[in-house]
Amino acid sequence: MSVRVRFAPSPTGYLHVGGARTALFNWLFARTSRGVFILRIEDTDLERSKEEMTAAILEGLRWLGLDWDEGPYYQSQRRDLHRATGLKLQASRSAYPCFCEPAELQRRRQEAERLGVTWKYERTCLALLPEEVQRRVAVGQPHAFRFRVPEGVTSWSDRVHGRTTFANETLEDFILLRSDGTPTYHLSVVSDDVDMKITDVIRGDDHLSNTPKQILLYRALGEPIPTFAHLPLILGPDKKRLSKRHGAVAVTEYREAGYLPEALFNFLALLGWSSGDGREFLPREELIRRFSFEGVGKKGAVFDEQKLEWLNSQYINAMPAAAIREAIRGELKARGLWDASLEGERREWFEKVLETLKPRSRKLSDLARDSAIFLSDDFAYDPGAAAKHLGDPETARRMVALRDALERVEPFDEAATEAALRKAAAGMGIAAAKLIHPLRIALTGQAVSPGIFTVLTLVGREGALRRIDRLIRSQELGR
RNA sequence: GUCCCCAUCGUCUAGUCUGGCCUAGGACGCCGCCCUUUCAAGGCGGCAACACGGGUUCAAAUCCCGUUGGGGACGCCA
């Protein structure tokens, strides 16, 4: 039987990393087993579901490359099916009407909580005589339908946790259909999973305690029970379930922060799963080849952004310059640094700029920021850098000498400019560093940069002279 | 409170099923060294963990029991 899995988010918020990881494992399992990955939007909570959230979730999935084979199906449009399933359960006497007032039930629940005792629905309405039930229905008394939990134990072999068992007596007769006739979560999920012929339910640990109820529903319906796999949750640094309190959780926030989808994908896969051989840099194809539930751990995993950042830097380093250019184009435009020539006559030059910036960038935003000094003369001198390397009163005079040397050097390449600078330093009887550091500030405004001779040649002779002149002027003015 | 799940470096983990090869391996981060004009990248090295207590066994990170700690779920939400 071919594998069919689903990702079933509620559109009550953006796609967060926890949901993304659940989707990712479903996707990986579908792809490794040549199965079908289905997307189902569980939008039956009209109060909280928002259409724009559905759009945001789809966008997040697409960005991560988690393409689905079927759907999106909308659970709210499948209510008739859910109700029909509920009817079946009534017919087989697995469900019974409950006339209890929600407010009254809530009161009793709260009372029990106050006393610190456990409370579960005491089956008041199950004890009702058939005639009494008929009478109440006839007079139109509102009623929900509850599932009649059978005696015994419910257990299954979880793909992650192994044999897991619940005593049915710890379960209460949960509601299947509300008094307004609408189906509840358990009924909808099981109806849909049955209808969609889902073979493997892969979801978060937080659904562990829902599983026995759902298994009971499959049994009552006489339907085959899928295999379950409950993934441990993603935790914040305080070891509690990752949430907004911990900072960025929406995948789109990571996109905005300069992360590559490939890196987040790889990172999320590694959170709770291990290939076993210690490799960490595992691109999508490699993940598909290696994924198996064998490698999934049982323990919740703390989301470590530093490791994500490291992985991101690995992906940036492996990325061709042209692809990086495309990826940061938007941000360059936003900074007013984009020019069509960057993919025209200056294309090769710009790719070289990006190549030099690559190894010292951890996020795309670093690239966009650091390429600024190559795209514009308009930058300020970092005060710390100036304090460190421009204090010497001889600086202006030395820069004049360096300027002259650079004006004449031929060709204007890394080797020749370096030789010229070293010769100029030797001529003045000073260490090359005395020229290099001020030159770096002249060219970049910073105390740190890529190799200075690389910067020099990328900025070009004309640009370099202009920037050195500017430094000399600022030095003389400061006197 | 009840039920369920979990427990190896700060973090992600390998090893646990099928006890011995574990003096517990790798990765991120951190520290140091090399390279070097700075910062990265890269290379080399260092610090750092089997929660605790019993048991089984010739032998326990590994099997069993308990304790402690952490998490999740307990809706006419999904």
Side-chain angles (χ1 to χ4, degrees), chain A residues 8-12 42-45 47-49 75 98 100-102 105-106 109 112-113 115-120 142-146 158 160-162 164-167 169-172 174-180 182 184-186 188-189 204-212 230 232-233 235 237-241 267 270-281 294-295 297-311 313 317 356-362 366 385 388-389 418 421-422 431-437 439-440 444 446-453:
Chain A
S10 287
T12 52
E42 308 215 325
D43 58 345
T44 49
D45 184 342
E47 299 275 305
R48 298 193 300 150
S49 295
Q75 203 164 49
C98 172
C100 299
E101 292 267 349
L105 292 173
Q106 196 188 349
R109 196 173 285 119
E113 192 175 339
L115 294 170
V117 297
T118 33
W119 180 84
K120 103 186 163 181
H143 57 280
F145 278 91
R146 286 183 185 271
D158 197 277
V160 174
H161 294 279
T164 307
T165 307
F166 282 78
E169 60 186 6
T170 64
L171 273 26
E172 80 168 2
F174 52 96
I175 306 267
L176 294 173
L177 289 165
R178 302 185 183 91
S179 38
D180 66 0
T182 59
T184 61
Y185 169 70
H186 293 296
S188 303
V189 167
D205 242 351
D206 48 341
H207 284 287
L208 220 37
S209 52
N210 287 331
T211 307
H230 288 95
L233 299 176
L235 278 22
D238 60 356
K239 305 269 189 182
K240 290 200 198 310
R241 179 186 185 155
F267 177 72
L270 249 29
L271 218 49
W273 174 83
S274 156
S275 66
D277 69 357
R279 275 191 56 194
E280 311 267 342
F281 185 84
E294 295 263 309
K298 302 174 174 180
K299 199 179 61 161
V302 174
F303 190 94
D304 179 8
E305 189 161 350
Q306 282 193 314
K307 188 154 185 177
L308 202 213
E309 210 177 276
W310 168 77
L311 255 183
S313 75
N317 250 319
T356 41
L357 256 20
K358 253 164 62 168
R360 55 210 99 214
S361 305
R362 288 171 80 84
D366 297 339
K388 198 167 175 191
H389 299 299
E418 176 161 8
L421 179 141
R422 291 193 187 281
K434 290 282 185 206
L435 293 179
I436 287 173
H437 293 299
L439 175 61
R440 171 169 290 115
T444 71
Q446 303 290 319
V448 302
S449 81
I452 195 63
F453 302 105

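Bear in mind the structure is a predicted one, so any value in this text is a computation, not a measurement.
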Which is true for Gly162(A) with a 4.0 Å heavy-atom rule: it touches a base, it touches only sugar-phosphate, or it touches nothing? nothing
Residues Arg109(A), Glu113(A): salt bridge by 4.0 Å N-O rule: no
Write down the distance between CD (Glu309(A)) and P (rA40(B)), rounded to a whole number of angstrom. 13 Å
Pick the C1' atom in rC30(B) and in rG10(B), then give their distance to the nearest Å. 10 Å
Give the rounded distance in Å between these two atoms: NZ of Lys299(A) and C1' of rC12(B). 8 Å
What's the gap between rU68(B) and rG29(B) when it is taken at their P atoms, as a whole Å value? 39 Å
Which heavy atom in Val160(A) sits nearest to a heavy atom in Gly297(A), and how many Å separate them? CG1-O, 3.6 Å
Within the structure shown, what part of the strands sits under 4.0 Å from Phe267(A) by heavy-atom distance: base, sugar-phosphate, or nothing? nothing
How would you label the contact of Pro450(A) with the nucleic acid (heavy atoms, under 4.0 Å): base, sugar-phosphate, or nothing? base
For Asn210(A), report the nucleic acid contact type (base, sugar-phosphate, nothing); a contact means any heavy atom under 4.0 Å. base
With heavy atoms under 4.0 Å as the rule, sort Thr118(A) into base, sugar-phosphate or nothing. base
Indicate, with a heavy-atom threshold strictly under 4.0 Å, whether Ser274(A) touches base, sugar-phosphate, or nothing. sugar-phosphate
When rounded to the nearest Å, what value does the distance between C1' atoms of rC76(B) and rU13(B) take? 44 Å
Which part of the nucleic acid does Thr44(A) contact within heavy-atom distance under 4.0 Å: base, sugar-phosphate only, or nothing? sugar-phosphate
Is Phe166(A) touching bases, backbone alone, or none of the nucleic acid, heavy atoms closer than 4.0 Å? sugar-phosphate
Using a 4.0 Å heavy-atom cut-off across all strands, classify Ile175(A) as base, sugar-phosphate, or nothing. base
Taking a pair as Watson-Crick or G-U wobble with both distances under 3.5 Å, which nucleotide is matched to rC28(B)? rG10(B)
What's the CH2-C1' distance between Trp119(A) and rU2(B), to the nearest Å? 14 Å
So what does Thr165(A) touch, heavy atoms closer than 4.0 Å: a base, only the sugar-phosphate, or nothing? sugar-phosphate
Among rU37(B), rG70(B), rU38(B), the one nearest any side-chain atom of Lys239(A) is rG70(B)
Who does rC63(B) pair with, Watson-Crick or G-U, both distances under 3.5 Å? rG55(B)
Any heavy-atom pair between the side chains of Ser188(A) and Glu42(A) that's under 4.5 Å? no
Using a heavy-atom cut-off of under 4.0 Å over every strand shown, decide if Gln75(A) touches base, sugar-phosphate, or nothing. sugar-phosphate
Assign Arg362(A) to base, sugar-phosphate, or nothing according to its heavy-atom contacts below 4.0 angstrom with the strands shown. sugar-phosphate
Whichever of Thr184(A) and Gly295(A) has its nearest RNA chain B nucleotide further upstream toward 5': Gly295(A)
Base partner of rC50(B), which must satisfy Watson-Crick or wobble distances under 3.5 Å: none
Pick the closest RNA chain B nucleotide for Arg360(A) and for Asp45(A) by heavy atoms, then say which residue is nearer the 5' end. Arg360(A)
Does the side chain of Arg279(A) get closer than 4.0 angstrom to OP1 or OP2 of rU13(B) through an N or O atom? no
For Leu421(A) and Leu439(A), what are the C-alpha separation, side-chain angles and deciding distance, and is it a side chain to side chain contact (heavy atoms under 4.5 Å, CB included)? CA-CA 10 Å; Leu421(A) 179 141; Leu439(A) 175 61; 3.8 Å; yes
Rounded to whole Å, CD of Glu172(A) lies from P of rG1(B) at a distance of 20 Å
At 4.0 Å (heavy atoms only), tell me whether Val302(A) reaches a base, stays on the sugar-phosphate, or touches nothing. sugar-phosphate
How is Leu270(A) classified with respect to the nucleic acid when contacts are heavy atoms under 4.0 Å: base, sugar-phosphate, or nothing? sugar-phosphate
Aromatic ring pairing His389(A)/His437(A), orientation class (parallel under 30°, perpendicular over 60°, tilted between): parallel
With a 4.5 Å cut-off on side-chain heavy atoms, are Asn317(A) and Pro359(A) touching? yes
If we take the C1' atom in both rC47(B) and rC58(B), what is their distance in whole Å? 36 Å
Starting at CG of Leu171(A) and ending at C1' of rU2(B), how long is that distance when rounded to a whole Å? 12 Å
Between rC4(B) and rC12(B), how far apart are the C1' atoms? Round to whole Å, please. 25 Å
Atom CD of Glu280(A) and atom P of rA14(B): how far apart are they, to the nearest Å? 11 Å
Taking atom P in both rG71(B) and rU8(B), what distance in whole Å separates the two? 15 Å
Before you tell me yes or no, could you show the steps for Lys307(A) and Glu280(A) under side chain to side chain contact (heavy atoms under 4.5 Å, CB included), namely the whole-Å CA-CA distance, both residues' side-chain angles and the distance that decides it to 0.1 Å? CA-CA 10 Å; Lys307(A) 188 154 185 177; Glu280(A) 311 267 342; 3.1 Å; yes
Between rA7(B) and rG15(B), how many Å separate the two C1' atoms, rounded to a whole number? 15 Å
Please pick, from rC76(B), rC39(B), rC4(B), the nucleotide with the shortest atom-to-atom distance to any side-chain atom of Thr164(A). rC4(B)
